[in-house]
K.L.:
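Dumping the structure here so I can ask a few things about it.
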Amino acid sequence: MRERGRTRRLMGLGARTGGALLKTRLGGQADCRALGEALFEGLSELKGPAMKLAQVMSQWDDLLPPDLAEELARLQRQAEPMPWPRIREALVLQYGDIDHYFSEIEERPFASASMGQVHRATTHEGETIVLKVQYPGLAEVLESDLIQVRRIMRLGRWFKVPQARLDALFEELADSLRKELDYVAEAEALARYGERYKDDPRLMIPEPLPALSGQHVLAMRFVDGTPLRELSEADDATRQGIAQTLADWITQELFTFGELHADPHAGNFAVDAQGRLVIYDLGAVIAVPEAQIKAMMQLLDATLKHDPMGMDEALMKMGGRQGQGAPLALYSESAECIAPLFAPGEQDFSDVRVHRRLRELTPKVWAAMDRLQPPAETLLLSRALNGHYWNLVRLGARLDMHARTLPLIARAH
């Protein structure tokens with residue numbers, strides 16, 4: 001990747017985006033679909049931090065206008081792959097003589113994303129594996145890209161997103177991107193998770209292959225599966241089984257191991273032929289301290305009790321609120337929105353009434369951001385849980401969250 005050319009293109013993308021938003025600022029009507037299409041084309045080609053930012057924002061279904069969010073969501077599914085000759089450069093850098101290690105590597109990627117793409121390969125022993133290949137030169141241009149991304153993110157103020165929120169989002173993005181480039185750490189995470197869940201018949205973690213892996217290429221055993229986003233046509237029993245597994249896994253991650261998968265877009269999950277939930281990508285795993293988990297459950301407890309003062313106390317413990325003047329009315333409205341999902345009995349996550357109320361509440365949340373200024377680690381936890389929630393929504397999950405959370409809340413007191 002040539003740093004100067006990327007900088008010019010990122011600045012140009014920011015200028016085009018700003019021009020579209022200026023129309024809104026001056027009283028016109030922005031064409032969010034056209035804006036989203038322009039961002040898709042530009043970011044899909046550029047890859048890297050800017051594309052990752054758009055993917056992060058697309059996961060927040062209630063953050064952006066629907067037409068814009070829908071276009072950005074395409075970056076999860078249809079990102080343009082990097083041409084094979086550039087990917088081959090990275091493989092040669094890693095292996096030297098590629099033919100010494102593989103009898104075949106498919107030039108068409110199995111999947112492509114913001115920081116790398118995945119190619120199927122066959123070893124000389126006849127085993128099918130996958131190679132997650134980091135885009136060539138990405139590490140060298142990361143910091144300069146982040147400078148331009150920060151400039152682009154300033155446009156978020158025109159959507160009335162407070163600067164504190166933008167700053168926290170940027171710090172979270174920058175930290176996660178730096179970690180995501182570390183394929184050695186991801187291989188270690190795959191091995192750790194594989195050992196952790198080796199006896200769970202509902203989960204499948206691809207096995208890393210250290211002998212074929214390095215700093216810029218991660219080799220794993222191939223595990224075929226139907227992507228989570230394609231399960232909308234599956235029968236109800238299959239979707240409910242996967243939803244139960246996903247909810248159980250998230251709960252175990254947080255409350256048993258103090259960790260959370262922090263890149264929960266649907267492309268990172270699939271269902272294999274045995275009906276197991278496959279977790280492909282462990283490039284973003286965050287540690288969640290016990291104190292933070294305890295405060296989080298105290299917040300939920302206060303929310304379900306419709307106790308605004310208790311909600312504020314828990315948010316203060318989490319580092320999720322600063323400044324003076326608790327927005328107690330906002331807390332009360334939030335409790336009214338969230339409590340139905342935790343009512344006794346099975347609740348339907350696809351109930352659009354819940355989503356509509358949360359969307360209607362969003363502008364009031366932004367308006368209170370002078371008092372709600374979460375640090376980056378709290379924002380990352382919130383984003384990860386939000387992403388897992390929307391995966392449950394897409395599965396049409398029906399879960400008894402009341403029964404699930406009672407023992408967890410009890411532990412927090």
K.L.:
Please report the shortest heavy-atom distance between L254 and M296, naming the atom on each side.
P.N.:
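Answer, listing the atom of L254 first, then M296: CD1-CE, 4.1 Å.
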
K.L.:
Under the side chain to side chain contact (heavy atoms under 4.5 Å, CB included) criterion, do K132 and D281 qualify, and how do the steps go?
P.N.:
CA-CA 10 Å; K132 182 178 178 180; D281 192 315; 3.1 Å; yes

K.L.:
Report the C-alpha distance between W84 and H119 in whole Å, list the side-chain angles of each, state the deciding distance to 0.1 Å, and finish with yes or no for side chain to side chain contact (heavy atoms under 4.5 Å, CB included).
P.N.:
CA-CA 10 Å; W84 168 249; H119 291 256; 3.9 Å; yes

K.L.:
Quick one: closest heavy-atom pair of A191 and P208, and the distance?
P.N.:
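Smallest interatomic distance, heavy atoms only, reads N-CG, 3.9 Å.
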
K.L.:
With distance as the sole test, does Y95 use its side chain to make a donor-acceptor pair with the main-chain N or O of L212 at under 3.5 Å?
P.N.:
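At least one qualifying donor-acceptor pair exists.
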
K.L.:
May I ask you to test the F102-L91 pair for a side-chain heavy-atom distance under 4.5 Å?
P.N.:
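No - every pair of side-chain heavy atoms lies 4.5 Å or more apart.
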
K.L.:
So, does T303 use its side chain to make a donor-acceptor pair with the main chain of A335 at under 3.5 Å?
P.N.:
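Not confirmed, T303 side chain does not pair with A335 backbone.
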
K.L.:
Can you name the closest pair of heavy atoms from D224 and D272 and give their distance?
P.N.:
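D224 and D272 have their closest heavy atoms at O-CB, 3.4 Å.
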
K.L.:
Determine the minimum heavy-atom distance between G225 and A270, stating which atoms define it.
P.N.:
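The answer is C-CB, 4.0 Å.
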
K.L.:
Any chance you could measure I409, atom CD1, to M297, atom CE, to the nearest 0.5 Å?
P.N.:
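Nearest 0.5 Å value for the CD1-CE distance: 4.5 Å.
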
K.L.:
Can you give me the closest heavy-atom contact between I293 and F255, atom names plus distance?
P.N.:
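For I293 and F255, the tightest heavy-atom pair comes out as CG2-CE2, 3.3 Å.
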
K.L.:
Check whether any side-chain heavy atom of E253 lies under 4.5 Å from a side-chain heavy atom of I250, and answer yes or no.
P.N.:
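E253 vs I250: side chains apart.
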
K.L.:
What closest approach, in Å, do S350 and V393 show between heavy atoms, and which atom pair accounts for it?
P.N.:
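Of all heavy-atom pairs spanning S350 and V393, the closest is CB-O, 4.2 Å.
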
K.L.:
Output yes when a side-chain donor or acceptor of R404 lies under 3.5 Å from a complementary backbone atom of T251, and no otherwise.
P.N.:
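Checking the backbone N and O of T251 against the side chain of R404, no donor-acceptor pair under 3.5 Å is found.
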
K.L.:
With a 3.5 Å distance limit and no angle check, can you tell me whether H388 reaches the backbone of H261 through a side-chain donor-acceptor pair?
P.N.:
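Flag set: sc H388 to bb H261 pair under 3.5 Å.
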
K.L.:
Determine whether a donor-acceptor pair (N or O, by modelled atom type, separation under 3.5 Å) exists between the side chain of S103 and the backbone of T122.
P.N.:
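The answer is yes, because a donor-acceptor pair under 3.5 Å joins these two groups.
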
K.L.:
Could you give the distance from CG (L341) to CG (L399), rounded to the nearest 0.5 Å?
P.N.:
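These two atoms lie 9.5 Å from each other.
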
K.L.:
In Å, rounded to the nearest 0.5 Å, how long is the span from OG1 of T226 to CD of E233?
P.N.:
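Going from OG1 on T226 over to CD on E233, the span is 12.0 Å.
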
K.L.:
For the residue pair L218 and S213, establish whether any side-chain heavy-atom pair is separated by less than 4.5 Å.
P.N.:
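L218 reaches S213 side chain to side chain.
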
K.L.:
Below 4.5 Å, heavy atoms only, C-beta onward: do I87 and I105 meet side chain to side chain?
P.N.:
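SC-SC contact between I87 and I105 ruled out.
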
K.L.:
How about Q215 and V184: do any of their side-chain heavy atoms sit closer than 4.5 Å?
P.N.:
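A side-chain contact exists here, since the closest heavy-atom pair is under 4.5 Å.
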
K.L.:
Is any side-chain N of the basic residue among E360 and R357 closer than 4.0 Å to the acidic one's carboxylate O?
P.N.:
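Between R357 and E360 there is no salt bridge, as every charged N stays at least 4.0 Å from the carboxylate O atoms.
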
K.L.:
Can a donor-acceptor pair be found, under 3.5 Å and without considering hydrogens, that links the side chain of N268 to the backbone of D263?
P.N.:
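Flag set: sc N268 to bb D263 pair under 3.5 Å.
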
K.L.:
R192 vs V285, test: side chain to side chain contact (heavy atoms under 4.5 Å, CB included). Steps then yes/no.
P.N.:
CA-CA 11 Å; R192 184 173 73 253; V285 175; 4.1 Å; yes

K.L.:
Can you tell me which residue among V223, V271, L203 is in a side-chain contact (heavy atoms from CB on, under 4.5 Å) with V278?
P.N.:
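Exactly one pass, corresponding to V223.
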
K.L.:
With rounding to the nearest 0.5 angstrom, report the CG to CG distance, N386 to L358.
P.N.:
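Result: 9.0 Å between the selected atoms.
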
K.L.:
Might you work through the salt bridge (charged side-chain N to carboxylate O under 4.0 Å, His left out) test for D236 and R239, ending with a clear yes or no?
P.N.:
CA-CA 5 Å; D236 185 65; R239 287 187 288 106; 3.4 Å; yes

K.L.:
Compare all side-chain heavy atoms of R229 with those of R394 and state whether any distance is below 4.5 angstrom.
P.N.:
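Contact flag for R229/R394 side chains = no.
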
K.L.:
Would you check if the side chain of R221 reaches a backbone N or O of L209 as a donor-acceptor pair within less than 3.5 Å?
P.N.:
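Flag not set: sc R221 to bb L209 has no pair under 3.5 Å.
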
K.L.:
Is the side chain of Q117 donor-acceptor paired with the backbone N or O of M82 at a distance under 3.5 Å, no angle test?
P.N.:
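Here the side-chain-to-backbone pair exists.
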
K.L.:
Let me see the working for L260 and L385 under side chain to side chain contact (heavy atoms under 4.5 Å, CB included), right down to the final yes or no.
P.N.:
CA-CA 9 Å; L260 185 65; L385 290 172; 3.9 Å; yes

K.L.:
Is the shortest heavy-atom distance from the side chain of L228 to the side chain of I242 under 4.5 Å?
P.N.:
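Yes, side chains in contact.
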
K.L.:
How about CZ on R88, more than 12 heavy atoms from neighbouring residues, nucleotides or ligands closer than 6.0 Å, or not?
P.N.:
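No, not enclosed.
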
K.L.:
Do the ring planes of F349 and Y389 sit parallel (below 30°), tilted (30 to 60°) or perpendicular (above 60°)?
P.N.:
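F349 and Y389: tilted rings.
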
K.L.:
Looking at Y280 and F269, would you say the former's side chain and the latter's main chain have a donor-acceptor pair under 3.5 Å?
P.N.:
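No, the answer is negative, given that no donor and acceptor are paired below the 3.5 Å cut-off.
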
K.L.:
Quick one: pull up CG in D301 and OG1 in T405 and give me the separation to the nearest 0.5 Å.
P.N.:
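It is 9.0 Å, given to the nearest 0.5 Å.
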
K.L.:
Is there a donor-acceptor contact under 3.5 Å from the side chain of R321 to the main chain of P327?
P.N.:
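Side chain of R321 to backbone of P327, a donor-acceptor pair under 3.5 Å: no, none is there.
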
K.L.:
Is the closest side-chain heavy-atom distance between Q298 and K317 below 4.5 Å?
P.N.:
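The answer is yes; the side chains approach within 4.5 Å.
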
K.L.:
Around atom CD of Q274, are there more than 12 heavy atoms of other residues, nucleotides or ligands at under 6.0 Å?
P.N.:
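For Q274, atom CD is crowded (more than 12 foreign heavy atoms under 6.0 Å).
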
K.L.:
Looking at F257, is R196 sitting on its ring face, NZ or CZ under 6.0 Å from the six-membered ring centre and within 45 degrees of the normal?
P.N.:
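Because its charged atom sits under 6.0 Å from the ring centre and within 45° of the axis, R196 does stack over F257.
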
K.L.:
What distance do M311 atom CE and L300 atom CG have between them, rounded to the nearest 0.5 Å?
P.N.:
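If I round to the nearest 0.5 Å, the distance is 9.5 Å.
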
